[in-house]
Protein chains: 2
Amino acid sequence: MHASLPTSPTDAAAQIDWTANGIETELGWSLALMFHGYSRAGSVAVADVPGGPRGYQVLVAITTEEPTSQLALAHRLGIDKTAMTYIIDALETDALVERRPDLRDRRIRQVHPTEAGHALLRTARVALRTVEDALMGGLSADEQTQLRQLLAKAALGTGATAASLPDTNSDLNLPVPAPERSRRRPQPTTETETRP
Amino acid sequence: MHASLPTSPTDAAAQIDWTANGIETELGWSLALMFHGYSRAGSVAVADVPGGPRGYQVLVAITTEEPTSQLALAHRLGIDKTAMTYIIDALETDALVERRPDLRDRRIRQVHPTEAGHALLRTARVALRTVEDALMGGLSADEQTQLRQLLAKAALGTGATAASLPDTNSDLNLPVPAPERSRRRPQPTTETETRP
DNA sequence: CAGAGATCGTATCAGTTTCAGATCATCTCA
DNA sequence: TGAGATGATCTGAAACTGATACGATCTCTG
């Protein structure tokens with residue numbers, strides 16, 4: 001184990017010997033570190049968002065895309081469908097989202113943002129950007145942009161395909177409120193009324 | 001919700017509207033998808049490595065760096081120290097690593113690779129590279145290299161600082177090598193007696 | 001030198017997350 | 001019409017994570 005690590009992030013990449021097959025050349029290593037770093041810091045930054053980073057992502061998706069089912073949302077975000085139920089429960093409890101029936105398919109609950117949801121998202125976004133900047137502090141502004149774009153591109157490519165299989169695992173670790181068992185949700189009466 | 005992903009990876013980045021604040025522009029989203037994709041596919045690829053991807057990373061680190069303590073290794077890899085114990089247990093059970101006492105500090109167990117460990121690592125590495133190529137299939141070869149390097153650089157920079165807090169109040173700056181404390185001279189012949 | 005405080009690896013426990021599967025209502029299709 | 005599939009929710013169990021305790025050992029200070 002080689003002793004001292006560079007104190008200057010700029011030296012970091014320069015010190016990586018890409019021919020030595022060391023841990024720093026392992027994609028899995030850097031992905032894990034970045035991801036866990038993001039989860040940890042992100043959880044703090046969006047602590048007031050039910051569901052933490054995952055709840056935040058739900059808000060992002062539903063405020064920028066067409067209303068859709070919980071299941072599709074789960075796929076889109078790479079979140080387990082069961083966990084998605086609980087995340088939306090939490091968001092709904094805080095009046096940040098509303099579940100509405102899909103008129104064309106009564107199995108589906110569409111997820112809609114409330115005004116409060118929009119507002120919280122705005123502040124949460126700012127907080128997260130700060131965290132992200134810190135996380136990528138070792139990179140220049142250009143490099144940060146580049147990393148964002150490459151990651152997104154990779155995620156949208158084969159990466160995302162593999163990741164967004166049905167009922168995928170999710171490891172964003174902010175605690176979702178523990179489910180209260182035997183808590184079958186009452187069927188909203190207004191929903192039954194809107195039967196076509 | 002436009003759920004369908006582009007079939008041509010080349011179109012992916014072209015379709016991302018970086019001004020719309022959609023989910024695809026979220027670093028947390030792409031990080032999560034990539035990380036989970038890696039974990040899932042990587043677990044399959046290194047299924048015969050005890051501890052999966054994490055066990056693999058242990059092998060990488062101990063075969064390329066100086067012998068060090070489990071704790072330092074845990075920090076280096078961003079793994080919880082308790083989990084590290086179990087991972088090494090598993091690796092040791094399969095005779096892929098050996099724990100040896102550190103002559104200068106009898107609390108420390110250094111982790112050494114065996115020949116079998118080296119051999120398994122070689123095949124595991126090949127399998128993982130295949131997985132990684134698939135994961136980054138949406139990127140050109142240059143882009144893949146770029147992503148690897150940027151991620152590593154970010155991980156080694158501030159990112160890693162935030163990530164390497166597996167041990168609660170660890171104030172350490174990145175996984176630290178074995179402490180450079182003023183070491184006492186080795187205790188003669190105490191070695192065999194300290195074996196647990 | 002003695003003792004306080006810190007550290008390392010391991011054990012233990014509890015809470016959280018993940019996963020698989022069941023259920024009910026609803027939809028699709030032959 | 002009915003079989004098979006689907007979406008949301010529920011349930012139980014396994015896996016994971018994190019906190020903490022503990023014994024052995026180390027470091028440092030008076």
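Letters A, B, ... mirror the listed sequences (proteins, then strands); counts begin at 1.
- Look at B/Arg54 and you won't find any side-chain N or O under 4.0 angstrom from OP1 or OP2 of D/dC16.
- Rounded to whole angstrom, the span from the CG atom of A/Asp80 across to the P atom of D/dC16 amounts to 15 Å.
- Side-chain proximity of B/Leu71 to C/dC8, D/dA8, D/dG18: nearest is C/dC8.
- In this structure, of D/dT9, D/dG18, C/dT7, it is C/dT7 that holds the atom nearest to the side chain of B/Arg107.
- Distance A/Ile108 CD1 to C/dT26 P: 13 Å, rounded to the nearest Å.
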Distances under 3.5 Å between nitrogen or oxygen atoms of protein and nucleotides 1-3 of chain C:
none

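- Checked against B/Glu26 for a salt bridge (charged side-chain N to carboxylate O under 4.0 Å, His left out), the options A/Arg76, A/Arg54, A/Arg129 give a single hit: A/Arg129.
- Contact check for B/His36 versus A/Phe35: side-chain heavy atoms found under the 4.5 Å cut-off.
- Comparing D/dA19, C/dC27, D/dG7 by their nearest atom to the side chain of B/Thr82 picks out D/dA19.
- In this entry the distance linking OH of B/Tyr86 with C1' of C/dA11 reads 6 Å, nearest Å.
- A/Arg104 has its CZ atom 14 Å from the P atom of D/dG7, to the nearest Å.
- Hydrophobic cluster membership is shared by A/Val60 and B/Trp18, with clusters built from Ile, Leu, Val, Met, Phe, Trp and Tyr side chains linked at under 4.5 angstrom.
- Straight-line distance from the CZ atom of B/Arg99 to the P atom of C/dC8: 15 Å, rounded to whole Å.
- Between the C1' atom of D/dC16 and the CE atom of B/Met84 lies a distance of 15 Å, rounded to the nearest Å.
- Distance A/Asp89 CG to D/dT11 P: 13 Å, rounded to the nearest Å.
- Residues A/Ala61 and A/Leu73 share a closest heavy-atom pair of CB-CD1, 3.8 Å.
- A/Asp102 pairs in a salt bridge (charged side-chain N to carboxylate O under 4.0 Å, His left out) with only one of the listed residues (A/Arg104, A/Arg99, A/Arg100), which is A/Arg104.
- Between C/dG9 and B/Thr85, no contact under 4.0 Å exists linking OP1 or OP2 to a side-chain N or O.
- When the side-chain nitrogen and oxygen atoms of A/Gln70 are compared with OP1 and OP2 of D/dT9, one or more of them lie within a distance under 4.0 Å.
- Of the listed nucleotides (D/dT9, C/dT26, C/dG9), D/dT9 has the atom at the smallest distance from the side chain of A/Lys81.
- The side chain of B/Arg109 contributes no N or O atom lying less than 4.0 Å from OP1 or OP2 of D/dA24.
- A straight line from CD of B/Gln110 to P of C/dT7 spans 19 Å, rounded to a whole angstrom.
- Contact annotation: B/Arg106 does not reach the phosphate of D/dT27 (side-chain N/O to OP1 or OP2, under 4.0 Å).
- Donor-acceptor pairing under 3.5 Å is lacking for the side chains of B/Asp142 and B/Ser140.
- With hydrophobic clusters built from ILVMFWY side chains whose heavy atoms lie under 4.5 angstrom apart, A/Ile108 does not share a cluster with A/Tyr86.
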